[in-house]
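Written out below as structure tokens is the structure these notes cover.
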Amino acid sequence: MWLQGSGCTGCSVSLLNRVAAQAPATAGDLLINSINLVYHPNLMTASGVSAVEAINAAYARGGYVLAVEGGVRRRSAARPAGP
């Protein structure tokens, strides 16, 4: 599963630009022959309810790797903690 936080999609672009001398040689080769990328907001064909169902099913199965791209927002220190 690949989630995107705040910011750009630079890590996704870097993955898609991957070219290597040995297998997997390209991002397509990696995605087709090496990993099962269950959820990626830019690369998967499913959207909406289908996308949410895919990520929920992967979570329920367990055994996944979670990649988080971009920043993860924290509570502002200037704002008091609320309910």
Checklist entry - Which value, rounded to the nearest 0.5 Å, describes the distance between N17 atom CG and T26 atom OG1? => result 11.5 Å

Checklist entry - Other than V65, which residues form its hydrophobic cluster under the rule that side-chain heavy atoms must be closer than 4.5 Å? => result none

Checklist entry - Should the heavy atoms of other residues, nucleotides or ligands under 6.0 Å from OH of Y64 be counted, would the total exceed 12? => result yes

Using a 3.5 Å cut-off and no angle test, enumerate the donor-acceptor pairs between side-chain atoms of residues 31-58 and protein atoms at least two apart in sequence or in another chain.
{"unit_1": "N33", "atom_1": "ND2", "unit_2": "D29", "atom_2": "OD1", "d": "2.7"}
{"unit_1": "H40", "atom_1": "ND1", "unit_2": "N42", "atom_2": "N", "d": "3.0"}
{"unit_1": "H40", "atom_1": "ND1", "unit_2": "L43", "atom_2": "N", "d": "3.3"}
{"unit_1": "H40", "atom_1": "NE2", "unit_2": "S12", "atom_2": "OG", "d": "2.8"}
{"unit_1": "N42", "atom_1": "OD1", "unit_2": "Q4", "atom_2": "NE2", "d": "2.7"}
{"unit_1": "N56", "atom_1": "ND2", "unit_2": "V52", "atom_2": "O", "d": "3.3"}

Checklist entry - With sequence neighbours left out, what residues match V72 under side-chain contact (heavy atoms from CB on, under 4.5 Å)? => result V68

Checklist entry - Are V19 and L30 grouped together when hydrophobic residues (ILVMFWY) are joined by side-chain heavy atoms under 4.5 angstrom apart? => result no

